[in-house]
Amino acid sequence: MSTSETPARTRVERYNPTEIEPRWQARWEELALHRTDLHDTSRPKYYLLTMYEYPSGDLHIGHWYIKTPTDAISRYRRMTGWNVFFPVGFDAFGLPAENAAIKSGAQPREWTMRNIEIMSRQLRTMGATFDWSSEVVTCEPEYYRWNQWFFLKFLEQGLAYRAMAPVDWCPKDQVVLAREQVEGANRVCWRCGTPVIKRDLEQWFLRITKYADELLDFKDIDWPEPIRVQQTNWIGRSEGAEVVFTTAPADHHPGGEELRVFTTRPDTLFGATFMVLAPEHPLVEALTAPSQKQAVDAYIYQTRRETEIERLSTDREKTGVPLGTDAINPVNGEGIPIWIADYVLAGYGTGAIMAVPAHDERDYAFAQKFGLPIRRVVAPPGTADDATLEAAYSAHTADERLVASSHYNGMTAPDGARAITIDLETRSLGKTSVTYRIRDWLISRQRPWGTPIPVVYCERDGIVAVPEDQLPVLLPDHWEYRAEGGNPLEHDEAFLNTTCPRCDGPARRETDTMDTFVDSSWYWWRYLSPHDDTQAIDRSLDEVWCPVDQYTGGAEHAVMHLLYSRFFCKALNDLGIVREREPFKRLFNQGQILGADGERMSKSRGNVQDPDDLVQRYGADSVRLFLMFMGPWDQGGPWSPTGINGVSGFLRRVWTVALDPHGHEGGDQAAGALPAGEDAAAAEHALRVAAHRTLQQVTEEHAGFRWNTMVAHLMELTNLLMRYRGTEVAGDAGWDEAERLLLLMLAPIAPHISEELWSRRLAAAGEEWRSIHAETWPTFDPALVAVDQIELPVQVNGKLRDLVQVAAGLPEAEIEALVMTRPKVQANLEGRTVVKVIHVPGRLVNIVVR
RNA sequence: GCGGAAGUGGUGGAACGGUAGACACGCUGGCCUUAGGAGCCAGUCCUCGCAAGAGGGUGAGGGUUCGAAUCCCUCCUUCCGCACCA
């Protein structure tokens with residue numbers, strides 16, 4: 001059998017990412033390609049930040065999903081002329097280190113540092129352009145001392161204060177529990193199974209509420225709408241009135257005590273038929289009649305076992321207990337019974353409400369359950385006075401009016417609200433008021449692995465701040481965990497015993513540490529000068545580099561980290577420490593990668609995808625590309641164990657067309673021949689046009705981080721090159737241009753293979769090596785992307801009936817005339833009258849017939 | 001429950017209010033030759049049909065429009081957050 005007619009399959013070197021990738025990573029490091037000169041002002045700066053990681057020990061595919069597209073942004077920005085700063089660090093304090101310590105006996109610090117080492121190594125396999133020279137690790141004293149310093153500044157400014165707040169408490173272990181340490185619907189301690197109860201402790205707060213109104217303003221930042229909405233709802237500004245009720249005298253109570261309520265509906269004050277206090281309200285004990293004491297105590301205990309989510313759920317049965325005392329309504333002197341119920345929270349408003357069952361759903365449900373009166377005070381015209389309310393009426397219509405409200409009758413609800421509030425104000429029994437759902441930030445944690453709060457308790461001077469020059473207050477190196485007795489710092493005599501900075505007498509250190517969200521509220525400033533021991537933030541670098549131009553990370557941080565960071569920025573600006581009032585100019589929230597089973601990845605479910613295995617098997621470039629290809633970046637989704645074959649095959653094809661343009665595989669009968677009716681000039685032109693159109697699309701896709709369609713477009717271009725492989729145009733100028741653009745476009749997203757093929761191109765051309773990542777992003781030729789022929793869909797009554805080829809720029813009338821002559825159109829027009837023709841130039845023609 | 005987001009082939013997804021299903025996975029068929037986690041070509045939304053073609057189709061139901069996956073309303077399902085996980 002002769003083989004002369006089909007050329008032997010060419011044997012090119014196989015694409016071998018495991019050989020290529022470490023080699024280029026080492027080269028880039030050697031050349032310090034990603035070390036950012038923060039003082040270089042020759043190019044515009046671009047601060048690119050991705051949320052730093054908690055060192056849990058394993059980098060999983062979700063970390064790659066955040067970081068590799070962000071790296072593509074970094075590389076693209078560099079190619080388009082920016083001085084990019086792209087740092088990396090670790091959020092190193094936190095509960096998992098303590099849990100591991102309790103389980104294994106290792107010290108949290110050792111465990112954390114070991115994990116950081118492992119994760120740093122794994123991070124390097126991504127081939128990302130992190131500037132490791134600015135790495136930050138928050139559990140290092142050189143970092144957390146500045147948390148302490150900020151705390152002292154906040155304390156001076158009244159932004160930090162101490163107050164009582166409930167914690168989840170295990171009565172057996174005598175320990176404060178984190179939410180995740182409280183298990184099951186019956187809320188028991190994770191270690192001993194004892195029912196958990198809320199207990200009040202003196203704790204430290206940061207006054208984020210001072211900035212509530214400013215935090216509602218997003219005009220200077222370009223953030224996704226859903227995040228802005230979530231923050232707005234979280235802050236939850238409500239305008240209304242505070243109204244002063246007084247208690248009525250009773251056998252057990254002299255009366256005359258003030259009871260302030262907050263309401264958004266002062267217009268419904270005449271409809272208040274009872275009052276509800278939060279079970280934690282300070283007056284509950286004094287107002288409870290002896291006959292009610294037992295029921296009230298039992299109810300308070302029950303409430304202290306519930307979560308706020310349970311308490312606020314609107315679809316569960318309402319519960320409550322009357323105290324046996326009345327409150328006097330200031331507008332009509334009427335006495336109404338006072339109840340306690342869990343749906344009223346101590347921390348919101350004044351912890352007390354006037355209940356207006358006719359006009360509030362929750363109050364309505366409560367009144368129904370306990371047979372309390374329901375009195376309508378707002379009604380649309382024509383409503384009979386005695387018509388029963390089937391549900392709370394809380395709608396607002398233009399023609400509704402106040403009824404049964406004394407001389408306010410006939411007013412609209414908003415007018416009534418204003419009038420009633422003004423009248424109360426003149427009697428000093430009320431005032432307009434604004435309440436926020438957001439509460440001050442509780443930063444105290446009764447745990448050892450965090451930043452010690454820098455205050456001491458002196459028998460003589462009370463609470464005394466540690467002076468700045470005595471910072472940092474160092475965590476002890478080692479501590480013992482006990483089965484009982486809570487925070488080990490409370491048993492560490494060397495840590496505990498100190499002297500009062502004011503009187504030099506004996507003092508005890510604060511053992512609470514800070515919420516780790518304090519660490520993450522300013523870490524991007526520290527990247528600029530991570531080892532500076534004279535100041536937290538280098539103001540001159542802040543002025544050049546901040547705010548962050550682009551921040552990337554998960555949407556699960558919408559209301560906590562991202563709000564705390566904005567708060568910190570404003571507070572630090574007020575302290576004169578930083579220049580800006582917003583930390584992150586632009587934000588992108590990527591989605592979450594789930595396990596192949598569609599569930600959240602976790603070790604216990606056994607569905608964690610390890611990137612190391614994938615890198616070993618397919619190479620980092622394939623993993624990067626697959627994560628970008630699987631769907632829109634903000635969407636995430638389940639991991640597909642087979643999908644990666646697609647991008648891996650794509651990169652092999654890129655390799656093949658680059659290194660073996662003249663060869664072809666044996667399976668295609670038409671291989672080596674140009675498409676029918678196409679000559680070499682047409683083929684070359686087709687390649688050029690495709691390359692430049694792809695470049696135009698890819699450039700646009702970079703602006704919107706649309707990686708999935710970007711990869712698809714690069715696949716199309718590669719498929720086209722594959723089609724012309726082995727033909728007479730392979731390797732010609734048009735082919736070569738397409739090939740060159742393909743590699744440049746690939747560089748930000750698949751950095752290793754593009755660097756390898758680029759270096760071989762340069763070598764083949766006898767040119768000196770220069771990294772593809774130092775090349776300039778190409779620009780497309782407008783003449784080549786211009787469209788000359790368009791395929792125009794023709795519809796009859798909105799249904800597709802035909803496609804016509806027309807020259808771009810053909811006059812509309814000519815197109816319409818042409819369309820009418822088409823047989824398929826004719827067939828559909830037969831026997832019907834043309835009503836009108838909709839012609840969207842360049843898009844379609846729709847003929848409407850009757 | 002409250003707040004946010006998403007529902008399109010067997011699967012991941014594509015589609016400025018204008019040709020639904022680009023690009024892939026998987027599967028089927030053909031080819032190549034041989035050990036490569038291979039490669040090449042073709043087909044692949046559903047129904048009817050050899051085909052040309054016809055009809056249906058974007059979670060469900062309604063609406064706006066010449067035209068709706070896209071906009072509006074109601075409902076259903078899934079995912080994320082709810083303040084001590086980070």
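Quick note: numbers below take in every heavy atom, side chains included, and nothing from hydrogens, waters or symmetry partners.
- Within 3.5 Å, no donor on the side chain of A:E556 pairs with an acceptor on the base of B:C85, nor the reverse.
- Results of the salt bridge (charged side-chain N to carboxylate O under 4.0 Å, His left out) test with A:D660 over A:R652, A:R14, A:R725, A:R653 single out A:R725 as the only residue that passes.
- Exactly one residue among A:R187, A:R199, A:R179, A:R304 makes a salt bridge (charged side-chain N to carboxylate O under 4.0 Å, His left out) with A:D168. That residue is A:R187.
- For A:Q446 against B:C84, a side-chain N or O and a base N or O form a donor-acceptor pair under 3.5 Å.
- Residues from residues 646-656 of chain A lying near RNA chain B, meaning a heavy-atom separation below 4.0 Å, are A:G646, A:R652, A:R653 in numerical order.
- Other residues, nucleotides and ligands contribute over 12 non-hydrogen atoms within 6.0 Å of the CD atom of A:Q789.
- In this entry the distance linking CD of A:E716 with P of B:A15 reads 12 Å, nearest Å.
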How does RNA chain B read in dot-bracket, base by base from 5' to 3', with Watson-Crick or G-U pairs under 3.5 Å and | used when the partner is on another strand?
(((((((..(((.....[....)))((((((.......))))))((((....))))..(((((..]....))))))))))))....

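- Residues forming a salt bridge (Lys or Arg N to Asp or Glu O under 4.0 Å) with A:E310 (at least two apart in sequence, or on another chain): none.
- Between the side chains of A:Y343 and A:D363, a donor-acceptor pair is found at a separation under 3.5 Å.
- Between A:K799 and B:G56 there is a side-chain N or O to OP1 or OP2 distance below 4.0 Å.
- In this structure, A:Y551 has its ring center at least 6.0 angstrom away from the ring center of A:W223.
- At B:G4, one or more side-chain N or O atoms of A:N233 fall inside 4.0 Å of OP1 or OP2 (strictly under the cut-off).
- Remark: A:D342 engages A:R316 in a salt bridge (Lys or Arg N to Asp or Glu O under 4.0 Å) (not counting sequence neighbours).
- Look at A:Q635 and you won't find any side-chain N or O under 4.0 angstrom from OP1 or OP2 of B:A6.
- Residue A:N645 has a polar side-chain atom (N or O) positioned under 4.0 Å from OP1 or OP2 of B:G26.
- Rounded to whole Å, the distance from CD1 on A:I593 to P on B:G12 is 13 Å.
- In terms of phosphate contacts, A:R617 brings no side-chain nitrogen or oxygen within less than 4.0 Å of OP1 or OP2 of B:G37.
- Closest to the side chain of A:M560, from the set B:A54, B:A86, B:G12, is B:A86.
- Checking B:A24, B:U19, B:A83 against the side-chain heavy atoms of A:R179 singles out B:A83 as nearest.
- At B:A14, one or more side-chain N or O atoms of A:N708 fall inside 4.0 Å of OP1 or OP2 (strictly under the cut-off).
- No contact: A:R228 has no heavy atom under 4.0 Å from any strand.
- In this structure, the nucleotide among B:G1, B:C25, B:G53 sitting nearest to the side chain of A:K824 is B:G53.
- If you look at A:F626 and A:Y618, their ring centroids are not closer than 6.0 Å.
- A:T516 has a side-chain polar atom (N or O) that falls below the 4.0 Å cut-off from OP1 or OP2 of B:A86.
- Nucleic acid contact class of A:W441 (heavy atoms, under 4.0 Å, all strands): none.
- For A:D610, there are no salt bridge (Lys or Arg N to Asp or Glu O under 4.0 Å) partners at least two apart in sequence or on another chain.
- For A:P96, whose side chain is taken as the heavy atoms from C-beta onward, the closest listed nucleotide among B:C85, B:A5, B:G81 is B:C85.
- Of the candidates B:C84, B:A86, B:C23, the closest approach to any side-chain atom of A:V167 belongs to B:C84.
- Considering only side-chain atoms of A:Q203, the nucleotide from B:A14, B:C84, B:C25 that sits closest is B:C84.
- Residues that satisfy the salt bridge (Lys or Arg N to Asp or Glu O under 4.0 Å) test with A:R362, not counting sequence neighbours, are A:D360.
- For A:R14, whose side chain is taken as the heavy atoms from C-beta onward, the closest listed nucleotide among B:A86, B:G36, B:G18 is B:G36.
- Side chain of A:R437, nearest nucleotide from B:A83, B:C2, B:A86: B:A83.
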